[in-house]
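Everything on this sheet refers to the single structure shown next.
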Amino acid sequence: MSTDTQRLLLIDGHSLAYRAFYALPAENFSTSTGQTTNAVYGFVSMLINVLADEEPTHIAVAFDLGRQTFRLAEYPEYKAGRAKTPDEFHGQVELIKDVLKALAIPVVVKEGFEADDVLATLACQGAAAGMEAGIVTGDKDAYQLASDSITILYPKRGVSDLTRMTPAAVEEKYGVTPANYRGIAALVGEKADNLPGVPGVGEKTAAKWLTKYGDLPNVIEAADEIGGKVGGSLREHLGEVERNYRLNQLITDLELDVSVADTRRGEVDREALDDLFDQLEFQVLGRRLEALLGSTTEERPSADIPEPRLLSAAEFTSWLQAVDAEAPVGIATDAQFALGLGTVDSIGLAQHDDVVATDLSRLDESGVDALSRLLAEHAHLTFHGAKAQLKALVQAGYPMPWLETDTEIAAYLVVPDQRAYELTDLCTRYCGFSPGQTEPEEGTLDLALGGADAALRALGRNAWSTVQLAAALRAILADAKMVGVLDEIDMPMVTILAQMELSGIAVDLTALQGLIDEFGAQAADSAEAAYAAIGHEVNLGSPKQLQAVLFDELQMPKTKRTKTGYTTDADALADLLVKTGHPFLEHLLAHRDSIKLKQTVVGLHRMVADDGRIHTSYLQTVAATGRLSSVDPNLQNIPVRTDAGRRIRDVFVPEQGAGFSELLTADYSQIEMRIMAHLSGDESLIAAFRAGEDLHSYVGARVFGVGVDEVTAEMRSKVKAMSYGLVYGLSAYGLSRQLQIGVDEARELMDGYFERFGAVKAYLDSSVENARSVGYTETMYGRRRYLPQLTSDRRQVREMAERAALNAPIQGSAADIMKIAMIRVDAALREAQLKSRVLLQVHDEIVVELAAEEYAQVAALIRSTMGGAAALSVPLDVNIGHGPTWQQAGH
DNA sequence: ATTGCAGCAA
DNA sequence: ACGTTGCTGCAATC
C-alpha cells in the first residue's frame, strides 16, 4: 500500500455484530454484573484486526435504521421468517456504538435504508475522490461493488477471518464480473432474506447463463430458448428473479449527513475508552487496542514472533546442547495418532526468542541422543495438546517426557466449558498476538513452493507461542488459586493417560466375532418377527417411519412430543405395549436391544489395532466438571446392566503370553454421595457411611421411619433413585416419572429425606446461591466452572444452570479424587517395581492388567492408595475384584 | 456436513 | 420444563 493514498474503511456494524453474536459462545463472554459481551468482543476484536491490517485514513460504521425500508415496501416478505433476535443482542449494539464514539469513528445511518446502501454510497464517493475503499460486511450483495478501488472484506468464518473480495476474487469464485454478481444472487436466491430463487439453479448454472447471454436482463429475454428442466423452472420463476434483481441492487447515491471528508480518523478519547473497557471487563482486548493506538509505527502484533530457523542435523544437535535448563522450552510436533499407531516427522522448538525447527528423520545418532536427553531431563517443557505428541514420540523411540505445562489443558482449566482450545485462538485471546496459520494452505503446489519449509516454520512459531501462552494462562490460574489443580492433578494425568492409551486393552477376537454374529442373528430374527406382525417391512431404525406405523397405520395413542413428532423411545414403547398389547412393539423393543448390542460390538471390532488391542483416547478437556471422556472407541459406556450386555465385557482380557494373568477392577463405592455427605457435613448421612451398613437401607429406614431390617426392596429402590437423583438436581416431578408414582408421593419422599438429612438440603441450596453470587462453582480442590446463566431471566436457562451448579462440585470433586488416586497408584506401582499396569478409567473405576503373582500386592496397594486419595469426613470405600475377563473381574 | 433421536455408561 | 456429565450410530435434512 502506498502511503499517500487515502484509504477509506467502511463497516456494516449490524451484520458484523450479529455474526460475532453467533460466532462466540455467549456464556464465555459475560461480565460479573451479568452483561453479555460476546458481540461487542467479537466486533471490537475484528475492528482491531482490520485497523491493523488496512491502516485506514478514513473510517465509518453504518447501521440499519428504521423497520420500513424500500425493499420491504416492494416485497412485504423481505427478510420474513427470521428468528427474532435475542434480547442479549440488542443491548450490545448500544455498547458497540459507545466504543465507536470513544474511538471517534462516525456512525452513519439513513432512515428507510440498510447499512449496505449507506456503505455503497460512501464507497462510491470515496472512489470518485481517488480513495481506496474497503467494505467489511457479511452481506454478499456487496460483491457487486467490487472494483479497482473498492474491495469487499467478507468474514469467512466467525468474524476474525476476512476474505478480500477483489474483482478478480469475485470472478474466480463465481465466474462472473462483480457487476454480474447481482444476476447470480437473483437467480440462486437468498434464503436469509427470504428471497427464493429458481429451484434447481445453483451458482454454476447461473454463471453459465450469465456468461452466455451477457447479463441478467439478457438471460430473462432469452428465457424461452433455454432448454431442459431448469429452463422451464426459470420461465416459471421469472417474476421472482426480476424482483430479486431489483431488491439486491445497492443504492449508491443516498443523501447522507456524513461526507467522506467527515470520516477522517479523529482523536481517540482514551479516558472514555478505558472506562468502557473496564466496564466490559475486556483486559486483553484493551491491551491489544492500546498497542495499536499507542505506536505510531503500528507494528502488527504477529511481527513479534521471532522468525524460525530451519536447522540441519548438526546445527540442531548443538542447539539442543546449548539449551538453558532453567528456562521454559516450547515444543510443537506434527504428530498424528490413530488405531494405536503414531507418526511424528518434524519438530519445532523454542527457548527465549530463539525458534528452530527440523525434520526428525534427518537426525543422526547424536541428534536423537540430545533430543532424548531434553525430553527426559528438562523440567520446563511446554506443549499444546501434549498427549498425542507424547505417544508418537514414545513410539518413535524417545523417552516419555515430564511436561510442565500443556497449554490446551491450562486453557481448559481457565474456561472448562469451551468447545475448542485452538492455539491460535488462545494466543489471540490471552496474549494479543496470532501465530497465524498453523498448517500450510492445502493444495499440492505448496510442497513444490516450499510448503514443507513453511510447515516447519509453523511448528517453530507454535512452539514459541505455547511458551508465551503458558505464562499468560499460569498468571490467570494463579489469580484463581488453581495452579495446584494444574500442577498436581491435570498435568501429571497427561503422561499417565498417554501410557494407558499406548498400552490399550487386549480383546479376545474370536469371542468378539462370536458376539457380532449372535447379536446380528438376534436382530435379524426380531426384525422378521416385527415385519410379520404388521404385514410389511419398515426401517426399524427410523423414528419417522416408526411413527407412521404406530400412530397412523395402527392408530396407537400418541406419546410425548419431540421436535419432529412423537417419541418412540423405549419407555414410550413399553407403555404402548401395556396399553395395546400389540406384538409389533415387543419385537421392535427386542430388535432395538440386539441391534444396539451388535452396533457396539461391531464398533469395538473396528477399533482393534494390529497388536490385538483396543487403544481408546481419553479426552481431558471436554467434560466441564473435570471428568475424563473416552473416544475411538468410548470404553466408558460398555454395557453392564443386562446379561447380554455384560457378555461384551467378557471379550476384554489380559495380554496372553506376556506374564499377565488376570484383570483387576477397583471402584469407589458411592463416591458422589460420600462427597455430598462430606461437603454438607450432614451428621446423619455421615453416620450412615461410618456405620458401614447398606446405605440405601439405612437411609430408607430414616425416611420411612422403620427399622433397617424392615426396609422392603421397594422402599430401598425408591430411596436409592432419590439419593442418586439429588446429586443431579432432581425435582419431585422427575422422581415421580422415574419411579412411576404420583407427584404427591414423590414430594412426600423428598420432604421426608430432607427432614432427616436437613444439612444436605441446606448445602445444596447454599451451593447454588454461592455460585450465583460469585459466578462459578468450585470442587474440593478449587477446580472452577463458570455458570453465568445462573442469573438469566429465562427460567429454563436459569434452572438448567442451577442443576449444573448443584452437580459440578460433586461430580468434579469425585473426578479430582480419582485423578489423584490414579497419579498415586501409578507412582506406587513404579515404586514397588510391579509389572501390573492401569489400562482403563471409567469415572469411579479403574481396570488393571495384573502381572502373574501380583494380585495380593496390587490389590492391597490400590485399596490403600485409592482409599487414601482424599481425607473426607466419611471413609472412601473401594471394591476390588479380579478375574480372567473384565466382566469376571467386576463384582 | 449438520441436526435430531435413541441408547449406553458413571 | 421438569436429572448431571459424556460418545456413537443412524436417518433425515441441508
Side-chain angles (χ1 to χ4, degrees), chain A residues 191 416-417 538-547 559-573 588-589 591-604 606-607 616-642 644-646 648-649 667-673 721-739 743 746-747 750 777 785 787 794-812 814-815 818 840-846:
Chain A
K191 220 183 135 200
D417 49 9
V538 45
N539 186 343
L540 297 175
S542 160
K544 199 179 161 195
Q545 294 183 37
L546 284 179
Q547 286 167 43
T559 56
K560 212 177 79 176
R561 278 221 66 114
T562 65
K563 276 182 194 165
T564 53
Y566 300 94
T567 182
T568 67
D569 67 18
D571 276 352
L573 293 181
L588 173 57
L589 282 164
H591 178 263
R592 281 260 176 90
D593 284 344
S594 20
I595 202 79
K596 172 78 181 175
L597 291 168
K598 187 197 162 198
Q599 206 179 272
T600 304
V601 284
V602 167
L604 289 175
R606 254 203 305 265
M607 296 304 297
T616 184
S617 295
Y618 290 101
L619 304 184
Q620 222 181 325
T621 60
V622 167
T625 52
R627 272 190 178 184
L628 302 178
S629 75
S630 154
V631 294
D632 302 326
N634 181 357
L635 290 186
Q636 291 181 322
N637 72 342
I638 302 303
V640 71
R641 289 173 198 186
T642 65
R646 270 195 293 276
I648 299 178
R649 293 191 175 217
D667 67 51
Y668 281 119
S669 92
Q670 297 141 346
I671 186 168
E672 294 193 345
M673 252 166 294
M722 177 166 58
S723 292
Y724 277 108
L726 283 179
V727 179
Y728 303 141
L730 183 68
S731 65
Y733 175 86
L735 184 63
S736 77
R737 260 194 18 158
Q738 198 202 314
L739 294 176
V743 181
R747 173 132 300 283
M750 290 184 67
T777 63
R785 176 175 183 185
L787 289 163
R794 283 152 62 201
R795 183 169 155 182
Q796 195 187 337
V797 171
R798 187 180 62 245
E799 290 185 340
M800 227 153 80
E802 286 172 352
R803 291 191 294 271
L806 211 77
N807 178 255
I810 300 172
Q811 190 183 106
M818 180 52 114
L840 305 178
Q841 189 251 42
V842 193
H843 307 308
D844 65 359
E845 171 189 4
I846 55 174

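Below, read A as the first sequence line, B as the second, and so on, with proteins coming before strands; counting in each chain starts at 1.
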Q.
Heavy atoms only, 4.0 Å cut-off, all strands: where does A:Q545 land among base, sugar-phosphate and nothing?
A. sugar-phosphate

Next on the checklist: Base, sugar-phosphate or nothing for A:R803? Non-hydrogen atoms, less than 4.0 Å.
Outcome noted: sugar-phosphate

- prompt: Which part of the nucleic acid does A:V640 contact within heavy-atom distance under 4.0 Å: base, sugar-phosphate only, or nothing?
  reply: sugar-phosphate

Once base and sugar-phosphate atoms are separated, protein heavy atoms under 4.0 Å mark nucleotides 2-7 of chain B, 5' to 3', with B, S and - as --SSSB

Is A:Q811 touching bases, backbone alone, or none of the nucleic acid, heavy atoms closer than 4.0 Å?
base

**Message:** Heavy atoms only, 4.0 Å cut-off, all strands: where does A:A732 land among base, sugar-phosphate and nothing?
**Reply:** nothing

Picking from C:dA11, C:dG9, C:dT5, the nucleotide nearest the side-chain atoms of A:N539 would be C:dA11

Indicate, with a heavy-atom threshold strictly under 4.0 Å, whether A:R798 touches base, sugar-phosphate, or nothing.
nothing

Closest to the side chain of A:H843, out of C:dG3, C:dG6, B:dA10, is B:dA10

Contacts of A:Y566 meeting ring pair (Phe, Tyr, Trp, His ring centres under 6.0 Å) (sequence neighbours excluded), chain-then-number -> A:F551

Per atom distances to the A:R641 side chain, the nearest of C:dC10, C:dG6, B:dA9 is B:dA9

Of the candidates C:dA11, C:dC2, B:dC8, the side chain of A:P639 sits closest to B:dC8

- Query: Is A:L635 touching bases, backbone alone, or none of the nucleic acid, heavy atoms closer than 4.0 Å?
  - Reply: nothing

Nearest-nucleotide check on DNA chain C, A:K560 vs A:N634; residue mapping nearer the 5' end is A:K560

